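Take a look at the structure set out below.
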Amino acid sequence: MPLSRQICGLSTQLLNVCIASLCKARNLEKAEAVLIDGIRLGCIPDVVTYNTLITAYCRFVGMDEAYSILYRMREVGIKPDVITYNSLIAGATRYCLPSRALELFDEMLQIGLAPDEWSYNTLMHCLFKTGYPEEAYKIYLDMILKNITPSSATYNTLINGLCKMGKAVYAVRLFRNLQKLGFSAGLVTYNTIIDGLCKCGRIDQARRILKELGESGCAPNVITYTTVMKCCFRWGKFEQGFEIFYEMMNKGYNSDVFAYCTVISTLTKKGMLTDANACVEQMLGNGIGLDKACYNTLLYLLCREGKLEIAFQLLNEMEEGGLEGDEYTYSILVNGLCKMGYIDAAFKQLRLMEVRDFKSNLVAYNCLIDGLCKVGEVDSAMKLFNKMKSKDPFTYTSLLHGLCRKGRFRVASKLLLTCLREGMNVLRSAQRAVITGLQSSGFKRDAGKLRTALRLAQLSQY
DNA sequence: TTAGGGTTAG
């Protein structure tokens, strides 16, 4: 090979290493600057250079920006390859865009690129994640028809898809059948199944799989510990959960941001705010980097402590650091403001949410309904209720309690009947409040009718 | 490409 070509190849390789390291550090601006400087110095970017940028834009910025790299790549005459498309499909999965993922998959076929195992796995994952299990399974069948050998990632994606749909029992059945065919489960498989079983309350079965994991020679990791710990918290076994956390630390597994986040939010919910703060100190002392979910947990803790000013300072720090608040962030703040009685400020945050067009504002609306009821502004709560596009049992429960507190039992009764017609269940305490309220204010017949309707609704659930 | 964490009622 001529020396000039060798030097050029070497420069491209160096350019790619440099860009990859900047992308890994999420410094995309610098990565772009390096690309421009590199070209000026005679380095010729290749498909790897652009794929690295596309992957990073998909992960850290957004699909539009990733597409703009694709166009630039085509402009300079570099053809996208299977990896380009796989990265874009992964991006579409990240942003829950199943149609986009399918379009990209079709586009690959149209331009004569043969999707590989990764393309199929990613597309399958996307369809499961966005609620299209049947289509995901069709993709799996297509993969088999095309003679592409599924890997453990393929099977894990299928198992995970079933678990996420709440069908952990089927996931275990699939897992057993695969084992009979020689599939050797790894830690990812075990962790997936344990989580699926824990989330649907099949603790004993989860324990058996955990035991099996121990016997398989596979060592559990921090994900296994966090999964089991969370399971204990979810089912009210707090002491056991905290013991698992300490066991993990004592055994030398370094707790990561997920584990700390799980413990801090549980302590906060239980009102153990001193312990929660001690845990935060420990986490920060261990140099754990904060991500969005963790910032949200810390905001939640600050709101519970009534430290709203510090909470907003933390929000600024988060957004200045490049992490935009999401529906969790703003719902936590709306709730914190409502709990302190700052209703106007809470409305302001809700408006911000509407501008930002989050996927759902339901929790924030519910917090405001509850907040308005608690400060006695039930009419405003009703107004807001009528504006809401979707409602859930939380919405009705808060409003029912608010109406009962004001002695408006007949309005509450009507609302409860509407709620039943929509197939929603509200807390027993709210049902009792309406019935006893009707009775004590002389509407005994209405109370009786309501009780019958509640019984019928209960029966129809079986 | 596949596994764990974050918000609302009483």
Side-chain angles (χ1 to χ4, degrees), chain A residues 55 83 86-87 89-90 93-94 115-126 128-129 150-161 163-164 185-196 198-199 220-231 233-234 255-266 268-269 290-301 303-304 325-336 338-339 358 360-371 373-374 392-402 426-433:
Chain A
T55 308
I83 296 174
N86 288 352
S87 296
I89 295 172
T93 306
R94 178 174 288 270
D116 63 6
E117 183 224 320
W118 280 41
S119 328
Y120 278 99
N121 289 351
T122 315
L123 185 59
M124 247 172 65
H125 175 54
C126 180
F128 269 125
K129 187 181 171 187
S151 68
S152 57
T154 316
Y155 296 129
N156 287 340
T157 304
L158 278 173
I159 290 171
N160 185 40
C163 286
K164 291 292 181 294
L187 192 52
V188 175
T189 325
Y190 281 110
N191 284 347
T192 309
I193 293 176
I194 292 168
D195 185 57
C198 284
K199 283 198 176 124
N221 63 1
V222 63
I223 297 180
T224 325
Y225 274 100
T226 313
T227 304
V228 179
M229 179 172 75
K230 176 71 194 174
C231 176
F233 292 151
R234 181 174 289 118
S255 209
D256 62 9
V257 70
F258 279 68
Y260 275 115
C261 211
T262 311
V263 174
I264 294 165
S265 75
T266 303
T268 308
K269 270 187 198 147
L290 306 186
D291 63 7
K292 202 182 281 185
C294 193
Y295 268 110
N296 288 342
T297 307
L298 299 184
L299 285 172
Y300 175 48
L301 171 58
C303 286
R304 279 292 296 260
D326 59 7
E327 60 253 54
Y328 283 84
T329 319
Y330 286 91
S331 303
I332 290 165
L333 292 169
V334 166
N335 186 40
C338 286
K339 288 280 189 298
F358 291 125
S360 166
N361 296 346
L362 179 60
V363 174
Y365 267 99
N366 284 347
C367 294
L368 255 162
I369 295 267
D370 195 57
C373 288
K374 295 253 168 73
D392 69 0
F394 280 78
T395 330
Y396 284 98
T397 302
S398 290
L399 198 51
L400 286 171
H401 275 292
V426 293
L427 283 184
R428 284 285 171 90
S429 63
Q431 298 176 9
R432 270 198 304 270

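Quick caveat, the model's predicted, so the values are computed rather than measured. Proteins get letters first, then strands, A, B, ... in listed order; numbering begins at 1 in each.
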Please tell me which of the listed nucleotides, dG10(B), dA3(B), dT1(B), lies nearest to the side chain of D370(A)?
dG10(B)
Output all residues satisfying side chain to side chain donor-acceptor pair (under 3.5 Å) with N121(A), sequence neighbours left out; order by chain, then residue number.
E117(A), T154(A)
Between N160(A) and dA3(B), is there a side-chain N or O to OP1/OP2 distance below 4.0 Å?
yes
Round to a whole Å and report the spacing from CG of L299(A) to C1' of dT8(B).
16 Å
Apply the test side chain to side chain contact (heavy atoms under 4.5 Å, CB included) to residues C163(A) and K199(A): give CA-CA distance (whole Å), side-chain angles for both, the deciding distance (0.1 Å), then the verdict.
CA-CA 9 Å; C163(A) 286; K199(A) 283 198 176 124; over 6 Å; no
Nearest to the N156(A) side chain among dT2(B), dG4(B), dT8(B), which nucleotide is it?
dT2(B)
Over how many whole Å does the gap from L158(A) atom CG to dA3(B) atom P extend?
13 Å
When you measure from the side chain of F394(A), which nucleotide among dA3(B), dT8(B), dT2(B) comes out closest?
dT8(B)
Looking at dT1(B), dG5(B), dA3(B), which one has an atom nearest to any side-chain atom of K164(A)?
dA3(B)
Using a heavy-atom cut-off of 4.0 Å across all strands, would you classify T226(A) as base, sugar-phosphate, or nothing?
base
Under a 3.5 Å threshold, yes or no: a donor from one side chain and an acceptor from the other, between N221(A) and N191(A)?
yes
Assign I332(A) to base, sugar-phosphate, or nothing according to its heavy-atom contacts below 4.0 angstrom with the strands shown.
sugar-phosphate
So V334(A), base contact, sugar-phosphate only, or nothing? Heavy-atom distance under 4.0 Å.
nothing
N191(A) CG to dA3(B) C1', straight-line distance once rounded to whole Å:
5 Å
Taking everything shown except L290(A) itself, do over 12 heavy atoms lie less than 6.0 Å from its CG?
yes
Do D291(A) and dG5(B) share a donor-acceptor pair, side chain to base, under 3.5 Å?
yes
From OH of Y120(A) across to P of dT2(B) the rounded distance in Å is 18 Å
Pick base, sugar-phosphate or nothing for Y328(A), based on heavy-atom distances below 4.0 Å to the nucleic acid.
base
Measure from the side chain of S265(A), starting at C-beta and using heavy atoms only, and say which of dT1(B), dA9(B), dT7(B) lies closest.
dT7(B)
What is the distance, rounded to the nearest whole Å, between atom CD1 of I194(A) and atom C1' of dT2(B)?
15 Å
Test your reading of the model: is there a side-chain donor-acceptor pair from N366(A) to the backbone of I369(A), 3.5 Å cut-off?
no
Please tell me which of the listed nucleotides, dT7(B), dG5(B), dG4(B), lies nearest to the side chain of A293(A)?
dG5(B)
Ignoring hydrogens and angles, does a donor from either the side chain of D256(A) or the base of dG5(B) sit under 3.5 Å from an acceptor on the other?
no
Contact class for N86(A) (heavy atom, under 4.0 Å): base, sugar-phosphate, or nothing?
nothing
Residues two or more places apart in sequence or in another chain: which of them pass ring pair (Phe, Tyr, Trp, His ring centres under 6.0 Å) with Y155(A)?
F183(A)
Side chain of K374(A), heavy atoms from C-beta onward: which of dG10(B), dT1(B), dT7(B) has the nearest atom to it?
dG10(B)
F258(A) CZ to dG5(B) P, in whole Å, measures 8 Å
Classify S331(A) by what it touches in the nucleic acid, base, sugar-phosphate, or nothing, heavy-atom distance under 4.0 Å.
base
Need one value for C294(A): base, sugar-phosphate or nothing, where a base atom within 4.0 Å counts as base even if backbone is also close, heavy atoms only.
base
So K129(A) and N160(A), do their side chains get closer than 4.5 Å, heavy atoms only?
no
Integer-rounded Å distance: dT8(B) P and K339(A) NZ
7 Å
Taking any heavy-atom pair under 4.0 Å as a contact, classify K199(A): base, sugar-phosphate, or nothing.
sugar-phosphate
Starting at OH of Y225(A) and ending at C1' of dG4(B), how long is that distance when rounded to a whole Å?
14 Å
Would you mind classifying the nucleic acid contact of V257(A) as base, sugar-phosphate or nothing, using non-hydrogen atoms under 4.0 angstrom?
base
For T192(A), answer base if it contacts any base atom (sugar-phosphate contacts may also be present), sugar-phosphate if it contacts only those atoms, and nothing otherwise; contact means non-hydrogen atoms under 4.0 Å.
sugar-phosphate
